[in-house]
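Note that ligands are numbered from 1 as they come in the structure, with each ligand's atoms numbered from 1 the same way.
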Amino acid sequence: MTERRIPVMVPMLGEEEAQAAADAVRSGWVAQGPRVAEFERRFAETVGAGQGVAVSSCTTALHLALLVLNIGPGDEVIVPSFSFIATANAVRYVGATPVFADVELSTGNLTVETIDAVRTSRTRAVIAVHQGGVPFDVRALRSAARDWDLALVEDAACAAGSTAYGQPVGAGALLAAWSFHPRKIVTTGEGGMLTLDDPEWTVRLRRLREHGMNVSAADRHASAQPVLEAYLETGWNFRMTDIQAAVGLVQLGRLPGLYAQRRAIAARYQELLADLPGLTTVRDPAYGETNYQSFWVLLDPEFGPTRDEVLAELATAGVSARRGIMASHLEPAYTDMVVPSLPVTERLTRDSLILPVHHALTENDQDHVVGVLRKLAGR
Ligand SMILES: Cc1ncc(COP(=O)(O)O)c(C=O)c1O
């Protein structure tokens with residue numbers, strides 16, 4: 001009998017992606033070119049934004065977002081500690097200071113109140129995360145940011161397909177940053193995107209991702225006449241390749257199906273775990289829908305075993321679950337900062353775990369995961 005192994009996430013990559021990547025290779029155009037342009041257009045359309053700027057990762061997208069806002073030394077940027085560490089790191093890349101705010105228990109997201117609690121006269125921007133795909137309250141946060149004259153950058157790394165107030169996350173965002181890492185619902189291997197509506201910022205972002213050049217390498221190459229480019233400011237090489245974009249275009253076509261499937265799996269977990277005392281599952285907020293990029297459950301003492309004991313038991317049963325989302329302020333990279341206590345963040349990161357959700361998860365697999373949890377709860 002083969003040993004059962006249930007991974008926490010498996011990217012949905014098929015023959016179509018392999019073919020699209022091969023076509024890009026055969027075309028001879030493998031760096032940033034026409035497929036990247038098409039992927040930008042189609043992705044922006046999907047998330048309800050006017051413009052897309054494809055980059056090498058969500059981390060570089062966040063970095064560029066802060067650059068285009070001219071944020072730098074002396075500025076403070078409010079971020080949730082309850083996020084992958086790249087959210088806070090991006091602030092340090094531009095020489096500004098990240099200031100950690102707490103999150104609410106039900107969504108794992110910043111709120112107007114938690115932002116207000118750490119706002120100072122030096123605050124220039126907020127990076128709010130749609131954590132694990134759960135949308136934050138875009139109406140409340142966008143309106144507060146306007147009132148306070150702060151730029152609101154949306155870290156939508158996990159949120160492709162999620163909605164808020166009946167619109168895709170991304171629609172109406174000043175700047176939204178996306179990830180196409182293989183743990184995400186849409187993948188290009190590595191990759192990211194900024195979406196926005198401002199055409200002038202788009203021009204500058206395209207320049208910043210490509211060494212500060214005023215003509216893209218693709219346009220220069222395509223021109224019959226010699227084009228003399230100029231380097232208008234110090235930029236980076238944050239480009240996506242056409243091979244990645246070719247894969248991304250196929251993945252975009254899969255998004256509605258993957259979204260529906262993830263939500264069906266999550267609903268089944270919610271049903272099968274509903275009666276376990278001391279265990280709550282992540283859910284849609286009242287104003288939107290999550291893509292369940294991360295399906296987390298939160299334990300309290302009534303459950304019995306601790307989170308780490310549950311993780312160990314699941315691992316023994318062949319289930320690759322994960323600890324909950326990290327608290328950046330507890331990592332060695334940030335211990336030089338004086339951070340007030342963030343009780344909700346600390347509770348979530350200590351007591352939650354992420355269960356497997358992916359297209360290849362069968363009902364039988366899911367029953368196995370649920371069976372381990374029910375046994376641990378004595379049910
Ligand atoms: C909330 C959040 N922001 C940023 C990132 C970084 O994304 P990337 O790996 O594309 O740089 C991640 C990755 O997991 C994330 O979850």
Side-chain touch Leu141/Glu154, heavy atoms, less than 4.5 angstrom: no
Under 3.5 Å, is there a donor-acceptor pair linking the side chains of Ser328 and Glu331? no
Does the Asp75 side chain pair with the main chain of Gly72, one donor and one acceptor, at a distance under 3.5 Å? yes
Got a salt bridge between Glu40 and Arg209, using NZ or NE/NH1/NH2 to carboxylate O under 4.0 Å? yes
Looking only at protein heavy atoms, identify the closest one to atom 14 (O) of ligand 1 and say how far it is in Å. Lys184 NZ, 2.7 Å
Atom 4 (C) of ligand 1 sits nearest the protein heavy atom Asp155 OD2, 3.6 Å
I'd like to know if Cys158 contacts ligand 1, where contact means a heavy-atom distance under 4.0 Å to any ligand atom. yes
Could you check atom 10 (O) of ligand 1 against the protein and tell me its nearest heavy-atom contact, residue, atom and distance included? Ser179 OG, 2.7 Å
Taking the six-membered ring for Trp, is the centroid-to-centroid distance between Tyr292 and Tyr269 below 6.0 Å? no
Using ring centroids (six-membered ring only for Trp), state whether Tyr93 and His63 fall under 6.0 Å. yes
Protein heavy atom at shortest distance from atom 11 (O) of ligand 1: Thr59 OG1, 2.5 Å
Could you tell me which atoms of ligand 1, counted from 1 in the order shown, lie closer than 4.0 angstrom to a heavy atom of Ser83? 1 (C)
What's the shortest distance from atom 7 (O) of ligand 1 to any protein heavy atom, and which residue and atom give it? Cys58 CB, 3.3 Å
Ligand-side contact atoms (ligand 1) for residue partner Val129, heavy atom cut-off under 4.0 Å: 1 (C)
Note: ligand 1 atoms sitting under 4.0 Å from heavy atoms of Thr87 are 3 (N)
Atom 5 (C) of ligand 1 has as its nearest protein heavy atom Phe84 CD2, 3.8 Å
Would you say Gln261 and Tyr259 are linked by a side-chain donor-acceptor pair, where the criterion is simply a distance under 3.5 Å? no
